Amino acid sequence: MKAREIEGLLPAVFRRVVRTGTPLRALLEVMEALHAPDEEILTDLPSYFDPYTTPDEFVPYLATWVDLDWLLPSCGLGRLRELIAAAPELSRWRGTAEGLERFLETATGVQGFGVDDAVKAKPFHIVVRAPASAKSCQALVEKIVEMEKPAYVTHHIKWLDNPGAGG
């Protein structure tokens, strides 16, 4: 808000004494300067809610909005932006084999994860098949599987030697 606009909000008795070089004029100019950074943010506000255009320091805050803050700091900002953008779809599939596969692929940027949820020898157990190319993200994969699988389910992560291996 410009000093002239602030001046227009003042009662008439104050507006009559606003002149260059007066303390009131200086106060209005300080108020203008204090408003400037916030007004700049407000003109560009929609970009703060888009995970792809928001400033880096705002990404962790957006992650809290979609309950992904538990991935900090183990997930890089680029991958976290992808997860935030995909959060509505991932939430829709949460608790399913397909949802876990999508989450892992989005978080790591590596395709080829699989979930076997019909292990005959062990009821309520899943085997997560992880491609070898995601081995550098092992801690992240383990954290995601632990957090995203149903609570009553046990799991095992099987790292595949080659991407085409199925079992």
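Being a predicted model, the structure only gives us computed values, none of them experimental. The analysis underlying the following values was restricted to heavy atoms, covering all of them including side chains, and did not include hydrogens, waters or symmetry mates.
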Open item on the list: Suppose we screen for salt bridge (charged side-chain N to carboxylate O under 4.0 Å, His left out). Which residues come up paired with Asp44, at least two apart in sequence or across chains?
Closed with: none

Open item on the list: Nearest 0.5 Å, please: how far is NZ in Lys122 from NE2 in His156?
Closed with: 9.0 Å

TODO: Flag yes if Val127 and Phe113 sit in one hydrophobic cluster, no otherwise; membership is Ile, Leu, Val, Met, Phe, Trp, Tyr, and two members link when side-chain heavy atoms are under 4.5 Å apart.
DONE: no

Task: ILVMFWY network linking Leu90 to Val141, side-chain heavy atoms under 4.5 angstrom - done: yes

Open item on the list: Among residues at least two apart in sequence or on other chains, which ones pass side chain to side chain contact (heavy atoms under 4.5 Å, CB included) with Leu9?
Closed with: Met1

Task: Rounded distance [0.5 Å steps], CD in Glu82 versus SG in Cys75 - done: 10.0 Å

- [ ] Just do the side-chain contact (heavy atoms from CB on, under 4.5 Å) check on Ile144 and Leu100 with the steps written out, would you?
- [x] CA-CA 8 Å; Ile144 290 169; Leu100 183 55; 4.2 Å; yes

TODO: Please collect all salt bridge (Lys or Arg N to Asp or Glu O under 4.0 Å) contacts where either partner lies in residues 98-109, sequence neighbours excluded, each pair once.
DONE: Glu89-Arg102, Glu98-Arg102

- [ ] Could you check Ile126 against Val119 for side-chain contact (heavy atoms from CB on, under 4.5 Å), going step by step and ending with a plain yes or no?
- [x] CA-CA 7 Å; Ile126 61 171; Val119 181; 5.8 Å; no

- [ ] Can you sort out the partners of Trp159 under ring-ring contact (aromatic ring centres under 6.0 Å, His included), two or more places apart, ordered by chain and number?
- [x] none

- [ ] Write down the atom of Ala130, the atom of Ile157, and the distance for their closest heavy-atom approach.
- [x] CB-CG2, 4.2 Å

- [ ] Please collect all ring pair (Phe, Tyr, Trp, His ring centres under 6.0 Å) contacts where either partner lies in residues 117-141, sequence neighbours excluded, each pair once.
- [x] Phe124-Tyr152

Open item on the list: If the condition is side chain to side chain contact (heavy atoms under 4.5 Å, CB included), which residues does Glu57 pass it with, not counting sequence neighbours?
Closed with: Pro55

Open item on the list: Can you confirm whether Ser47 sits close enough to Asp50 that some side-chain heavy atom of one is under 4.5 Å from a side-chain heavy atom of the other?
Closed with: no

Task: Candidate pair Tyr48 and Thr53, rule side-chain contact (heavy atoms from CB on, under 4.5 Å), full reasoning - done: CA-CA 7 Å; Tyr48 278 80; Thr53 59; over 6 Å; no

- [ ] Could you list all the salt bridge (Lys or Arg N to Asp or Glu O under 4.0 Å) pairs where at least one residue sits in residues 5-19, not counting sequence neighbours?
- [x] Arg4-Glu7, Glu7-Arg25

Open item on the list: Using the rule given for side-chain contact (heavy atoms from CB on, under 4.5 Å), can you reason through Leu140 versus Leu104, listing the C-alpha separation, both sets of side-chain angles and the distance that settles it, and then say yes or no?
Closed with: CA-CA 9 Å; Leu140 178 62; Leu104 288 166; over 6 Å; no

Open item on the list: Taking salt bridge (charged side-chain N to carboxylate O under 4.0 Å, His left out) as the definition, give me every residue that meets it alongside Glu148, ordered by chain and number, with sequence neighbours left out.
Closed with: Arg94

TODO: Taking all heavy atoms of Phe14 and all of Leu24, pick out the closest pair and write down the distance.
DONE: O-CD2, 3.6 Å

Task: Closest contact, heavy atoms only, Pro150 versus Gly95 - done: CG-O, 3.9 Å

Open item on the list: Going by the rule side chain to side chain contact (heavy atoms under 4.5 Å, CB included), which residues pair with Glu146 if we only count those two or more places apart in sequence or in a different chain?
Closed with: Lys149, His155

Can I get a per-line list of side-chain donor-acceptor pairs under 3.5 Å for residues 58-73, giving both atom names and the distance, sequence neighbours left out?
from  : atom 1 : to    : atom 2 : distance (Å)
Thr64 : OG1    : Tyr61 : O      : 2.5
Trp70 : NE1    : Asp67 : O      : 3.0

Task: Single-linkage hydrophobic cluster Leu160~Val145, side-chain heavy atoms < 4.5 angstrom - done: no

Task: Co-membership, hydrophobic cluster, residues Tyr52 and Leu80, 4.5 Å side-chain - done: no

Task: Connected hydrophobic set around Val30, excluding itself, where side chains approach under 4.5 Å - done: Leu34

TODO: Look at Lys135 together with Asp161 and state whether they make a salt bridge at an N to O cut-off of under 4.0 Å.
DONE: no

Task: Non-hydrogen side-chain atoms of Lys143 and Ser74 separated by less than 4.5 Å - done: yes

- [ ] Specify the closest pair of heavy atoms between Arg129 and Asp116, including all atoms of both residues, with the distance to one decimal.
- [x] NE-OD2, 3.1 Å

Task: Closest contact, heavy atoms only, Ala3 versus Leu28 - done: CB-O, 3.9 Å

Task: Non-neighbouring partners of Glu29 that pass salt bridge (charged side-chain N to carboxylate O under 4.0 Å, His left out), sequence neighbours left out - done: none

Open item on the list: Quick check on the hydrophobic clustering: are Leu83 and Trp93 connected, directly or via other members, by side-chain heavy-atom contacts under 4.5 Å?
Closed with: no

Task: Leu10 side, atom CG; Leu27 side, atom CG - distance, nearest 0.5 Å - done: 9.0 Å

